[in-house]
Structure formats: structure tokens, C-alpha cells
There are 2 protein chains.
Amino acid sequence: MHTADAVETIQREMTVFARRARAAAGRMHPELSLVSYTLLGHLEESGGCRATDLAVHYALDKSTVSRQVAGLERAGLIERRPDAADQRVQVLHLTGAGRHILAQVTESRRAAFRERLADWPAQDLSRFADYLVRYNASPGPGRQD
Amino acid sequence: MHTADAVETIQREMTVFARRARAAAGRMHPELSLVSYTLLGHLEESGGCRATDLAVHYALDKSTVSRQVAGLERAGLIERRPDAADQRVQVLHLTGAGRHILAQVTESRRAAFRERLADWPAQDLSRFADYLVRYNASPGPGRQD
DNA sequence: TTCCATGGTTGCACAGCCCAACCACCTGCC
DNA sequence: GGCAGGTGGTTGGGCTGTGCAACCATGGAA
């Protein structure tokens, strides 16, 4: 495959994937949208952070994050803790329930991916993962984090 | 990288990508949403098809496609032609303007991807493209096409 | 001819998003 | 101290994309 074709293909396939991912996530886990899942995952990974951090990391408007966070708190999946050093700040943390749901959804997502990738040779899997990381890590439009 | 980790990584990175793609596309091309772009692209590629075909291919509700198509027609980017064999059917075709805009957006998207992938070795590009095709082609949740 | 399937549209509701305006707090400078 | 400008967060308003359900028109088979 020539380089130009490869770039073209990557563009098209990434787009197709993006077009489907949200809907697929919604069908798989009606209880936790793709957005919520992502935010929860980030909280777990970071061990708690501010709403602004989430907004910056995901290139979302702070109002969007604010409403998502409000929803997640209403659902009892996260809690806000005051920051001792700055009264404006609320540090967001997963609750037990949040951690539980996140683990469940992660597991079922993982199972779906595993099934889908079941017949891939290990080396291909590993390379694919590497390429995705490299792609997402590269600077580009829509990447302000 | 172990297989389990690779699967985990692929899941996470694909999700991150999906989270960003729509917004990035919107920022890059306010005149043509990711959805419209995708539909136009499919029309170009297929040389004209029915709304139902689009809906099936992209796992969208037919009402969604109907509205998208209406918008694209209003914008003068596509036209509907009656199907001689079935009076219910409207075959959708790109107009000259549609072809023109699609080419522009494709080119600028291609440029963005190219820049982003500029320092990738050709072999990696080609393998990455191949993996994405393979992934998208595999059956899985959210894939009814 | 009658009945069901299929292609498409419309009404309705909802999620996710952004922008702008706003409040509360922090920080630096006078 | 006190004011100005920056920062974290919320709220109001509006748009797009989406699905579901109900509907209409046409096609096709019993």
C-alpha cells in the first residue's frame, strides 16, 4: 500500500469508527454513555481531578463538563471534595458505586473488544495498540490536551 | 505488550479517538459535518444509492438519514432521482456542488492527516491502515452493515 | 383484491455540545 | 487594604444528531 493510500485509508477508517463508536457504546451500556464512561475512567486513572482538567483534557467546553459532572454526581457515581488550597476548586472523586459501575462497563467493553479481536495474532494486536497510542499522542486538530 | 494489555489499549485509544473526532471535524469544516461528509463520501464511492442503504451501512435510523439527506439536498449538494423500477425509491446522487465541496473537505482532511502522520515510516502507515480496515470489517456491536 | 413488507417522512423527545453571561474566589499590584 | 484581572464553576439559550413511533405510499405475494 502506498503512503498516500495508507493515509487516505487511515482517515476513512478512523472516521467510520468514530461514526459508530458512540452509538455502539450506547447500545452496549445504556446506563453509562460513552462520555460518562470516559470521564469516569479519567477520574479513576488520575485518582481525582478538577472539572477544568477534564475539560482541557477532552477539549470540551467547561459548561459541558459541568453538566456531565452534575449528572454523574446526581447518579451517585462521583463526589466533589473541596480543595483545601483553593476554595473555588472541587476535586472530583469516584464513589464506591462509580468505581463499581466503571469496572462493570470496562469489563464488558473489554469482552466485546476481546471477542472482536480474538483471531488477531498477538503481534498485530500489540502493533495496532502501539499505532493508536502514537496517533492519539501526536498533536493535531482537536487535540489540546 | 501482552495481549490483554494490547486489547485494553486498543479499547481505550479507540474510545479517545471517537470522543474527539466529531468535534475536531466540526472545527476543521464547519460547512460540512462529519455525518454529512461521511454520507457524501459514501455517495461518491457508491455512485449513488438509496437512503435506506445509507441507514443500513452506517447503522443509523432511517429518520436520521432522511433528515440528513433533506439537509444535503437543501444545500444543493445532492439530488434525488426517481428509480424507474420502484416508485418508492429515490436514488441519491452528488451534484456538481456536492462533488466539489466533498473534494475540498477530503483534501483538507487528507492534509491534516498527512501532517499528523508525516513522521511515520511508510511501513507503519501501511500496517496501521490495514489494521483499521480489518478492525472495522470485523463483525461486532454496532456493526450491522 | 387483500394484506403485509418496504422506502421514506414527520412529530417528539433527549443527549451532547458550544457560546455567553454570570458568580465566587484567588492573585498581584497600587 | 482595596481594586483589577484571571480562574473555576454554573446557568440560560440554542443547535445538531439521534432514536422511536406513527404515518403514508408503493410493491409484491397469497
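Atom set for the values below is all heavy atoms of this structure, side chains included, hydrogens, waters and symmetry mates excluded. The structure displayed is predicted, hence computed values, not measured ones. Reminder, nothing fancy here: chain letters follow the sequence lines and each chain counts from 1.
Taking atom CG of residue B:Leu54 and atom P of nucleotide C:dT9, one finds them 12 Å apart after rounding to whole Å. Taking atom OH on B:Tyr58 and atom C1' on D:dG17, their separation rounds to 16 Å, with Å as the unit. Distance, B:Asp53 CG to C:dG8 C1': 13 Å, rounded to whole Å. Put simply, CD1 on A:Ile78 is 11 Å from P on D:dG9, counting in whole angstrom units. Atom P of nucleotide D:dC15 and atom CG of A:Asp61 are separated by 17 Å, given to the nearest angstrom. Separating the CG atom of B:Leu92 from the C1' atom of C:dG8 is a distance of 11 Å, rounded to the nearest angstrom. Rounded to a whole Å, the CZ atom of A:Arg81 is 15 Å from the P atom of D:dG9. Atom pair A:Leu32:CG and C:dG16:C1' shows a separation of 15 Å (rounding to whole Å applied).
The aromatic rings of A:His42 and A:His57 lie tilted to each other, with the angle between the two planes from 30° to 60°. Between A:Phe128 and B:Phe128, the ring-plane angle classifies as tilted under the 30° and 60° cut-offs.
Picking from C:dT9, C:dC17, C:dG11 the nucleotide with the shortest atom distance to the side chain of A:Leu60 gives C:dC17. Nearest nucleotide to the A:Arg50 side chain, out of D:dG8, C:dC18, D:dG19: D:dG8. Side-chain proximity of A:Ser63 to the nucleotides C:dC19, C:dG8, D:dG9 is greatest for C:dC19.
Although no hydrogens or angles enter the test, the distance criterion places a donor-acceptor pair under 3.5 Å between the side chain of A:Thr38 and the main chain of A:Leu34. Here the side chain of B:Asp86 pairs no donor or acceptor atom with the backbone of B:Asp83 at under 3.5 angstrom.
At least one side-chain heavy atom of A:Leu43 sits under 4.5 Å from a side-chain heavy atom of A:Cys49. For the pair B:Asp53/B:Ser46, no side-chain contact is recorded, criterion being any heavy-atom separation below 4.5 Å from C-beta on.
With hydrogens and angles ignored, a donor-acceptor pair closer than 3.5 Å exists between the side chain of B:Arg67 and the base of D:dG19. At a cut-off of 3.5 angstrom, the base of C:dG8 holds no donor-acceptor pair with the side chain of B:Arg80.
With respect to the salt-bridge test (charged N to carboxylate O, under 4.0 angstrom), the residues A:Arg127 and A:Asp124 qualify.
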Show each protein N/O and nucleotides 22-27 of chain C N/O combination with a separation under 3.5 Å, one pair to a line.
residue	atom	partner	partner atom	Å
C:dC26	OP1	A:Gln87	N	3.1

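Between B:Thr52 and C:dT6, a side-chain N or O to OP1/OP2 separation shorter than 4.0 Å is absent. Considering only side-chain N and O atoms, B:Gln90 lies under 4.0 angstrom from the phosphate OP1 or OP2 of C:dT9.
Among the protein residues, B:Thr64 comes within range of the nucleic acid bases, having at least one heavy atom under 4.0 Å from a base atom.
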